[in-house]
Structure formats: structure tokens, C-alpha cells
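For reference, the structure is listed below as C-alpha cells.
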Amino acid sequence: MPELPEAEANRLRIERDCLNRTIEAVELGEDTDYLELPGDNERKRLVGHQFTQTHRHGKLIFAGSKTGPWIGVHLGMTGSLRPFDEDDSPPDYAKFLIRFEGDRRLAFSCPRKLGWVRVIDSPEAEIARIEYGPDALEIDRATFANVIGGSRGATKSALMDQRKFAGVGNLWSDEILYRVGIDPERKGTDLSENSLGDMHEAMRAILRAVMDTGAYYDRLPDDWLIHTRKIGAACPRCNGKIEKTKIGGRSAYHCTRHQK
DNA sequence: ACATCTGTTACGGC
DNA sequence: AGCCGTAACAGATG
């Protein structure tokens with residue numbers, strides 16, 4: 001699920017269902033080989049504390065409090081955070097579970113095991129440690145233009161580089177470039193100041209719009225690429241065709257006619 | 001059987 | 001030095 005808007009949808013579930021409840025136990029689920037999850041001592045650190053606030057930075061989700069420890073979560077490709085009640089069965093692929101007072105629980109589900117959960121002292125320290133850039137919705141136009149405009153590789157790869165700014169991945173980088181009519185392969189250094197400004201605005205508008213739907217893609221406008229990510233599909237915006245190429249090891253869908 | 005997938009990271013090359 | 005691109009990681013799905 002997860003780029004910035006999908007991470008935000010997961011954060012909101014914690015915010016709504018898991019705050020201000022004392023943590024009674026923190027457990028691991030089945031089959032956690034290869035997954036980075038908190039060990040015994042770190043899990044114990046959480047017990048007795050409450051989460052009173054959440055935070056999101058790019059694709060990262062945090063929950064904690066002024067004084068207590070925090071958890072930091074990266075969803076990987078297929079992760080999700082799912083509050084549930086004791087009476088319900090835990091979600092499939094639950095790898096990390098928190099039991100709060102009462103019958104509320106929170107599961108980190110992660111089928112493909114590419115995400116992680118860490119117990120940390122503060123979101124800011126963790127963000128700095130892993131060298132993420134500013135959140136994609138916080139970066140201002142001038143900084144965006146410098147960072148993308150100074151990038152010598154494919155613009156698509158630059159948009160997805162979490163150290164430049166954090167939150168954009170494969171799906172929404174395609175959507176941004178589709179909207180502004182830029183070929184994903186174009187070098188950042190070839191882009192005009194105007195193009196960079198348009199791209200910054202498109203990034204903000206797209207991430208906001210997806211967030212506003214709660215990441216339900218079928219509620220997004222018909223002329224978005226997301227509905228047409230298929231080789232040979234008719235471009236909703238011109239008479240072109242959608243094609244797929246490989247950039248930086250990822251599939252880049254784009255219109256060969258209006259993206260130049 | 002094989003390719004694909006919304007993510008990251010280690011490493012070699014320029 | 002720093003930037004860039006590729007392969008690798010692992011499991012589910014069609």
C-alpha cells in the first residue's frame with residue numbers, strides 16, 4: 001500500500017483507535033524470520049506506557065508520547081497497521097502486536113516482510129539517523145527545484161529518492177510526471193525552472209488528493225494515470241498510448257505522446 | 001513455471 | 001567525493 005498518502009491513512013487509524021490506552025503487552029506474530037522487529041528488551045520498554053500522539057514523515061509512521069518510548073514503522077511494499085478488538089481474530093500476516101488496556105489491539109501486518117518496526121527515543125532522531133530529507137508536503141518550491149533540478153539521473157528516480165525528500169514512491173512519481181507531461185527518463189538538470197515549479201505543485205496536489213480519499217483509488221478523477229497503468233492503454237489526456245519502461249529497476253508507466 | 005509488485009540497500013562504476 | 005544504476009532481498013499472486 002504505502003507511499004505518503006497510504007502511510008497517512010495508516011497513521012490515522014492509530015490516531016483514532018490506539019491513543020491514551022496503557023500498553024499491557026507487546027508480542028511477535030508467526031514467521032518473523034528476516035523481518036526487523038523489536039527484541040524482547042525493546043518490547044518491554046513499551047509496556048506500561050501510552051501512545052498520546054502520532055507523527056508521519058514521508059512513508060514513516062510514528063506513535064509515542066512526550067516522555068515515553070516511540071515506535072517507528074516502515075510499511076515496506078505490503079505492510080499495514082490494523083487496530084482490532086480482542087474478540088476479532090488478528091489480521092493475516094500479523095507480525096507484531098500491541099495489546100492495550102481494555103480489549104483494543106494493534107497489529108503490524110507484513111506479508112512480504114519488507115517493512116520494519118523499531119522502538120526509538122524520538123521520531124526526529126530516527127529521521128536524522130536514516131538520513132531522510134524533508135517530508136514531501138513540507139519541502140518548499142525553491143528547495144524542490146534545487147534538489148530535482150540538480151539531479152543528473154532520471155527525474156523519476158530523483159522523485160523517489162527518500163534522502164532528497166521523503167514520501168513519493170513508484171506509483172505517485174509516475175502520476176506526477178504524467179500530469180506535468182515530463183518523460184520519466186528526463187534528467188533533472190534538463191528541466192526548466194517553470195517545469196520544476198509545476199512539478200512541485202503537481203506533487204503537492206496529487207499527494208493531497210490521494211490523502212483526501214483515504215487512499216481509495218477508485219475515488220480519484222478518471223483522467224489520472226492510476227486507472228490506466230496498462231501497456232497499450234489509451235491515454236486519458238491525449239491521443240497517445242501508455243507504455244512501460246524500466247527506470248532504476250522499477251516499472252515506469254507513461255504516455256509516449258504528451259510526456260517529453 | 002514465470003513474471004510481477006506501492007520499498008530499501010549494498011556495491012561497483014563513472 | 002559524490003552521484004548513479006543495478007542486483008538482491010522475500011513472499012504472494014496471477
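Sequence lines set the chain letters: A, B, ... in the order given, protein chains first and strands last, and positions in each chain run from 1. Worth knowing before you read on, the calculation uses all heavy atoms, side chains too, and leaves out hydrogens, waters and symmetry mates. Remember, it's a predicted structure, so these values are computed and weren't measured experimentally.
Here C/dT6 presents its C1' atom at 14 Å from CD1 of A/Ile247, a figure rounded to the nearest Å. Atom-to-atom, CD of A/Glu3 to C1' of B/dT8 comes out at 13 Å; the value is rounded to the nearest Å. Atom pair A/Leu4:CG and B/dG7:P shows a separation of 12 Å (rounding to whole Å applied). Taking atom NE2 on A/His74 and atom P on B/dG7, their separation rounds to 8 Å, with Å as the unit. Between A/Leu75 atom CG and B/dC5 atom C1' the separation is 15 Å, expressed in whole Å. For the pair A/Ile127 CD1 and B/dT8 P, the interatomic distance rounds to 14 Å; values are reported in whole Å. With rounding to whole Å, A/Glu131 atom CD is found 11 Å from C/dC3 atom P. What separates CG of A/Leu81 from P of B/dT6 is a distance of 20 Å, to the nearest Å.
A salt bridge links A/Glu8 with A/Arg56: at least one charged nitrogen is closer than 4.0 Å to a carboxylate oxygen. For the pair A/Glu3 and A/Lys59, the salt-bridge criterion is not met [side-chain N within less than 4.0 Å of a carboxylate O]. Ion pairing between A/Asp40 and A/Arg43 holds under the 4.0 Å rule for side-chain N and carboxylate O. Note on A/Arg163 versus A/Glu131: no salt bridge recorded, every NZ/NE/NH1/NH2 to OD/OE distance being 4.0 Å or above. Under the 4.0 Å criterion applied to side-chain N and carboxylate O atoms, A/Asp31 and A/Lys113 are assigned as salt-bridge partners.
Of the candidate nucleotides B/dT6, B/dC5, B/dT8, B/dT6 has the atom lying nearest to any side-chain atom of A/Glu6. Taking only side-chain atoms of A/Lys244, from C-beta outward, the nucleotide of B/dT4, B/dT8, B/dT6 with the closest atom is B/dT4.
For A/Arg237, the salt bridge (Lys or Arg N to Asp or Glu O under 4.0 Å) criterion is met by A/Asp223, not counting sequence neighbours. Residues that satisfy the salt bridge (Lys or Arg N to Asp or Glu O under 4.0 Å) test with A/Arg129, not counting sequence neighbours, are A/Glu126. A/Trp224 meets the ring-ring contact (aromatic ring centres under 6.0 Å, His included) test with no other residue; sequence neighbours excluded. Listed by chain and number, the residues in a salt bridge (Lys or Arg N to Asp or Glu O under 4.0 Å) with A/Glu86 are A/Arg105 (sequence neighbours excluded). A/Asp92 pairs by the salt bridge (Lys or Arg N to Asp or Glu O under 4.0 Å) definition with nothing, not counting sequence neighbours.
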Check residues 251-258 of chain A and write down every donor-acceptor pair under 3.5 Å in which the side-chain atom is one partner and the other belongs to a residue at least two apart or another chain.
unit_1   : atom_1 : unit_2   : atom_2 : d
A/His254 : NE2    : A/Thr245 : OG1    : 3.3
A/His258 : NE2    : A/Tyr178 : O      : 3.0

Ignoring hydrogens and angles, write down the donor-acceptor pairs under 3.5 Å from the side chains of residues 63-72 of chain A, residues two or more places apart or on other chains.
unit_1  : atom_1 : unit_2  : atom_2 : d
A/Ser65 : OG     : A/Gly68 : N      : 2.9
A/Trp70 : NE1    : A/Ser65 : O      : 3.1

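Checked against A/Ile61 for a side chain to side chain contact (heavy atoms under 4.5 Å, CB included), the options A/Leu12, A/Ile14, A/Val117, A/Thr54 give a single hit: A/Ile14. Shown are A/Lys156, A/Glu175, A/Met77; of these, the side chain to side chain contact (heavy atoms under 4.5 Å, CB included) with A/Asn170 is made only by A/Lys156.
Base pairing in DNA chain C gives the following stems of 3 or more Watson-Crick or G-U pairs, range against range and under 3.5 Å: B:2-5 with C:11-14, B:7-14 with C:2-9.
Of all the residues in residues 153-174 of chain A, A/Gln162, A/Gly169, A/Asn170, A/Leu171 reach under 4.0 Å from DNA chain B with at least one non-hydrogen atom. Heavy-atom distances under 4.0 Å link DNA chain C to A/Ser151, A/Arg152 of residues 133-152 of chain A, given in residue order.
Only the C1' atoms considered, B/dT6 is 23 Å distant from C/dC4, to the nearest whole Å.
Side-chain nitrogen and oxygen atoms of A/Arg229 include at least one within less than 4.0 Å of the OP1 or OP2 phosphate oxygen of B/dT6. Between A/Lys59 and the phosphate of B/dG7, there is a side-chain N or O to OP1/OP2 separation shorter than 4.0 Å. In this model, the phosphate group of B/dG7 is approached by a side-chain N or O of A/Arg250 to a distance below 4.0 Å at OP1 or OP2. OP1 and OP2 of B/dG7 both lie 4.0 Å or more from every side-chain N or O belonging to A/Tyr132.
Using modelled atom types, no side-chain atom of A/Glu201 and backbone atom of A/Asp198 make a donor-acceptor pair closer than 3.5 Å. A/Glu185 places no side-chain N or O within 3.5 Å of a backbone atom of A/Ile247 that could act as its donor or acceptor partner.
Transitive grouping of hydrophobic side chains (ILVMFWY, heavy atoms separated by less than 4.5 Å) brings A/Ile139 and A/Leu207 into a common cluster.
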Please list, for nucleotides 10-14 of chain B, all pairs of protein and nucleotide N/O atoms separated by less than 3.5 Å.
none

Could I get a table of every N or O pair under 3.5 Å where one atom is in the protein and the other is in nucleotides 11-14 of chain C?
unit_1 : atom_1 : unit_2   : atom_2 : d
C/dG11 : OP1    : A/Lys113 : NZ     : 3.3
C/dG11 : N1     : A/Arg112 : NE     : 3.4
C/dG11 : N2     : A/Arg112 : NE     : 3.3

